[in-house]
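Predicted model, so just to flag it, every value in this text is computed and none were measured. Proteins get letters first, then strands, A, B, ... in listed order; numbering begins at 1 in each.
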Amino acid sequence: MPVGVVREAVLSTLREVLEDARAAGDLKLTTLPALVLDVPKNNTWGDLATTVAMNLSASERRAPREIAEIIAGRLRAHSDVLERIDVAPPGYINLTIKRDLWFQVLAEIEAQGERYGRSTLGLGKRVLLEFVSANPTGPLHMGHGRGAALGGALANLLLATGYEVTTEYYINDAGRQMKLLAESVEACCRKLLGQPDVEFPEDGYRGAYVEELAQKLIAKAEAEKRDPVLPHLERLCTEEAYRLLLDEIKSDLQGFGLHFDTWFSERGLFETGAVDRTLEVLKAKGHLFEQDGALWFRSTVFGDDKDRVVRKQDGEFTYLASDIAYHQDKLGRGYDLLINIWGADHHGYILRMQAAVEAFGYPKDRLKVILVQIVNLLRGGQRVTMSKRAGEMVTLREVVEEVGADAAKFIFLTRRADSQLDFDLDLAKQQSAENPVYYVQYAHARVASLFRVAAERGIAVPSTGSVDWTVLNSPDDLDLIKSLSEYPALLEASAQAMEPHRLTYYLQDLAARLHAYYYKHRILPPVLERELDSQDHLKPVAPEAGQGRKGETLTPALTAARLCLFRSVQTVIRNGLGILGVTAPERM
RNA sequence: GCGCCUGUAGCUCAGUGGAUAGAGCAUCAGCCUCCGGAGCUGAGGGCCACAGGUUCAAAUCCUGUCAGGCGCACCA
């Protein structure tokens with residue numbers, strides 16, 4: 001598994017040493033444990049640490065300390081990779097990496113560029129990621145936005161770690177909600193056409209967008225010269241209203257920088273008879289029964305709390321029926337894993353959907369549901385209330401227009417999905433360090449700016465092959481490189497946990513290190529005013545004239561090495577932001 | 001009542017069973033002759049909700065209690 005040159009070198013060394021120890025009879029090693037390399041809490045202890053000795057203690061029936069000493073002794077023969085090996089109580093093995101190896105990280109980043117960090121962890125497994133899937137009964141709101149940001153980032157993350165990902169939006173364009181929408185719009189139309197006594201459906205959709213929709217439909221009917229309009233209303237409202245809303249959803253998502261590979265229609269499931277066929281399959285397998293005039297799915301067999309109705313007394317299918325058909329369809333398309341991102345208020349549906357998955361003969365973990373907790377919108381520190389019924393809500397579009405897609409996405413991804421999120425509109429607009437997205441983007445832009453200045457002065461950013469690494473000898477240099485080297489392992493861990501938010505934290509940390517380094521160390525030689533020639537062209541001063549903040553002498557070799565280092569940081573920030581779906585600007 | 005999620009610094013939150021629990025904000029004290037101050041440095045601040053248990057090792061796993069959020073339809 002490619003997790004960067006440093007970890008790969010250490011892991012293979014460790015593996016080799018353990019094999020040798022077994023061959024020599026030093027250790028029994030009946031099973032080879034999973035080798036985990038941690039970054040020690042205190043960087044004076046070493047660069048990487050392994051707890052393998054402590055984990056082996058039980059099976060070897062020896063003190064962890066003893067085992068650690070055996071492994072450490074053998075590791076000391078590998079001075080090509082490891083500079084120092086220390087055993088710390090109760091059985092840590094702390095490893096200090098040979099300096100030369102660190103600089104290979106920069107060469108690796110240069111060689112791989114935008115591919116740096118990618119891996120084959122997923123082994124090409126096929127994943128179907130379904131998210132947003134909001135009913136086309138109104139505009140997208142902030143909760144959808146969070147699901148959208150998470151889904152987009154997760155898709156990129158899985159793609160980067162070797163999965164084959166398809167993104168899909170399930171359109172609930174059938175059923176009761178659609179009917180309600182049609183009735184609501186129709187009532188609105190009639191009112192607009194001068195029928196003041198029309199009854200607005202109870203539980204109908206209100207809000208300004210319904211009226212806008214009504215106006216659009218009337219305009220459309222008139223444009224098609226349908227006169228009178230009234231007889232066409234019902235058809236228009238059921239056939240056209242949701243399509244217009246769906247178009248808006250599509251354009252909102254596009255404005256949010258999201259792309260879906262497939263749009264799957266619920267209506268289609270009914271039209272092709274898929275729902276009927278699905279129920280036939282379940283019936284044949286003995287998972288359905290009739291009671292009180294309704295048709296039930298015996299989901300309790302698979303661990304659900306109670307059995308569920310799939311066809312009501314009145315003969316109509318429930319939402320669950322088409323949803324089961326939809327999931328059967330997905331399963332039938334041959335994916336290794338189905339991932340659904342749902343709002344936390346749907347958590348009660350997980351068991352019954354997994355029951356359906358099992359009923360079709362698949363393991364229930366073939367379906368993984370990620371629940372996203374609610375978003376609280378804050379303005380001026382006050383909660384902005386959102387009520388769909390009353391039509392008061394802040395839409396995703398409005399927020400994106402106000403704060404930008406980048407800030408919105410990044411903020412959505414600064415929390416675990418499990419955690420409720422306070423979205424502070426004022427903070428999101430603020431362009432300062434308080435706003436994490438600007439902080440990270442600024443790090444990228446700052447490097448770009450530095451390169452522009454360098455170019456103006458005729459200083460090229462060299463390739464790693466021509467750089468003398470021995471000049472990068474401060475702890476700050478190594479700290480920065482170590483952060484860069486952690487990126488591939490971080491991506492793998494994030495993908496495995498399906499937690500893109502880890503990446504936002506990593507990027508903030510990397511950006512902070514870059515800003516600190518930049519402040520502390522000079523990269524380009526200073527230009528003194530007297531060096532400006534008559535055409536105002538900047539000329540570099542003599543190399544030996546440059547003094548860094550700490551009094552270090554800035555040589556051309558050091559400038560070259562640091563430019564190279566910065567390019568690597570820039571690449572990693574750009575790659576990371578790319579996975580989050582956030583742009584990496586050259587200028588801000 | 002049952003289920004899911006959450007409880008970590010004054011606030012908002014990170015923290016893949018490992019060492020002395022971290023970041024941002026807020027507070028206080030500092031840093032621009034120079035590559036972008038949209039930046040940097042430092043200080044204070046913690047019974048990781050509580051109580052048991054598992055483990056060589058628990059903020060992390062298990063059980064219970066308390067508190068908050070969200071669900072418990074022949075709606076979607």
Indicate for each nucleotide in nucleotides 43-50 of chain B, in 5' to 3' sequence, whether protein heavy atoms under 4.0 Å reach the base (B), only the sugar-phosphate (S), or nothing (-).
--------
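- A close approach under 4.0 Å does occur between a side-chain nitrogen or oxygen of His501(A) and OP1 or OP2 of G15(B).
- Of the candidates C56(B), C74(B), C35(B), the closest approach to any side-chain atom of Lys312(A) belongs to C74(B).
- Rounded to whole Å, the C1' atom of U12(B) lies 16 Å from the corresponding atom of G68(B).
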Secondary-structure string, 5' to 3', Watson-Crick or G-U under 3.5 Å, | for another-strand partners, for RNA chain B:
(((((((..((((....[...)))).(((((.......))))).....(((((..]....))))))))))))....
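- Nucleotides A19(B) and C31(B) have their P atoms positioned 38 Å apart, rounded to a whole Å.
- Side chain of Ser419(A), nearest nucleotide from U16(B), A14(B), C31(B): A14(B).
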Which atom pairs link the protein and nucleotides 67-72 of chain B when you take only N or O atoms and keep those under 3.5 Å?
from   : atom 1 : to        : atom 2 : distance (Å)
G69(B) : O2'    : Gln420(A) : NE2    : 2.6

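- Separation of the C1' atoms belonging to C35(B) and G10(B) is 39 Å when rounded to the nearest angstrom.
- Of the candidate nucleotides U20(B), A14(B), A19(B), A14(B) has the atom nearest to the side chain of Arg416(A).
- Here, U63(B) and U54(B) have their P atoms 15 Å apart, quoted to the whole Å.
- Looking only at distances, no side-chain donor or acceptor of His444(A) sits under 3.5 Å from a matching main-chain atom of Gln441(A).
- Picking from U6(B), C35(B), C75(B) the nucleotide with the shortest atom distance to the side chain of Asp418(A) gives U6(B).
- Residues passing the side-chain contact (heavy atoms from CB on, under 4.5 Å) test with Ser299(A) are Phe297(A), Asp304(A), Asp307(A), Arg308(A), Ala355(A), sequence neighbours excluded.
- With centres under 5.5 Å and a plane angle under 30° as the test, the ring of Tyr442(A) is not stacked against the base of G39(B).
- The side chain of Arg522(A) lies closest to C35(B), out of C35(B), U6(B), G15(B).
- Taking only side-chain atoms of Tyr439(A), from C-beta outward, the nucleotide of C40(B), A19(B), C74(B) with the closest atom is C40(B).
- Look at Lys330(A) and Glu168(A) and you find no salt bridge, because none of the NZ, NE, NH1 or NH2 atoms lies under 4.0 Å from a carboxylate O.
- In this structure, Trp296(A) and Phe289(A) have parallel ring planes: the angle between them is below the 30° cut-off, well short of the 60° mark.
- When distances run from any side-chain atom of Arg415(A) to the nucleotides C35(B), U20(B), C13(B), the shortest one goes to C13(B).
- Going from the C1' atom of G17(B) to that of A59(B) covers 11 Å, rounded to whole Å.
- When only modelled atom types and interatomic distance are considered, Gln177(A) and Thr137(A) share no side-chain donor-acceptor pair under 3.5 Å.
- If you take atom P in G7(B) and the same atom in G53(B), they sit 23 Å apart, rounded to whole Å.
- Side-chain atoms of Tyr519(A) come within donor-acceptor range of the base of C31(B), with a qualifying N/O pair under 3.5 Å.
- The side chain of Lys41(A) contributes an N or O atom lying less than 4.0 Å from OP1 or OP2 of A19(B).
- Every residue two or more places apart in sequence or in another chain was checked for a side-chain contact (heavy atoms from CB on, under 4.5 Å) with Ala460(A), and none qualifies.
- For residues 494-515 of chain A, the set of pairs meeting the ring pair (Phe, Tyr, Trp, His ring centres under 6.0 Å) definition, not counting sequence neighbours, comprises Tyr439(A)-His515(A), Tyr442(A)-His515(A), Tyr487(A)-Tyr506(A).
- Comparing C74(B), U41(B), A19(B) by their closest approach to the side chain of Ala294(A) singles out C74(B).
- Exactly one residue among Tyr326(A), Phe131(A), Phe264(A), Trp263(A) makes a ring pair (Phe, Tyr, Trp, His ring centres under 6.0 Å) with Tyr169(A). That residue is Trp263(A).
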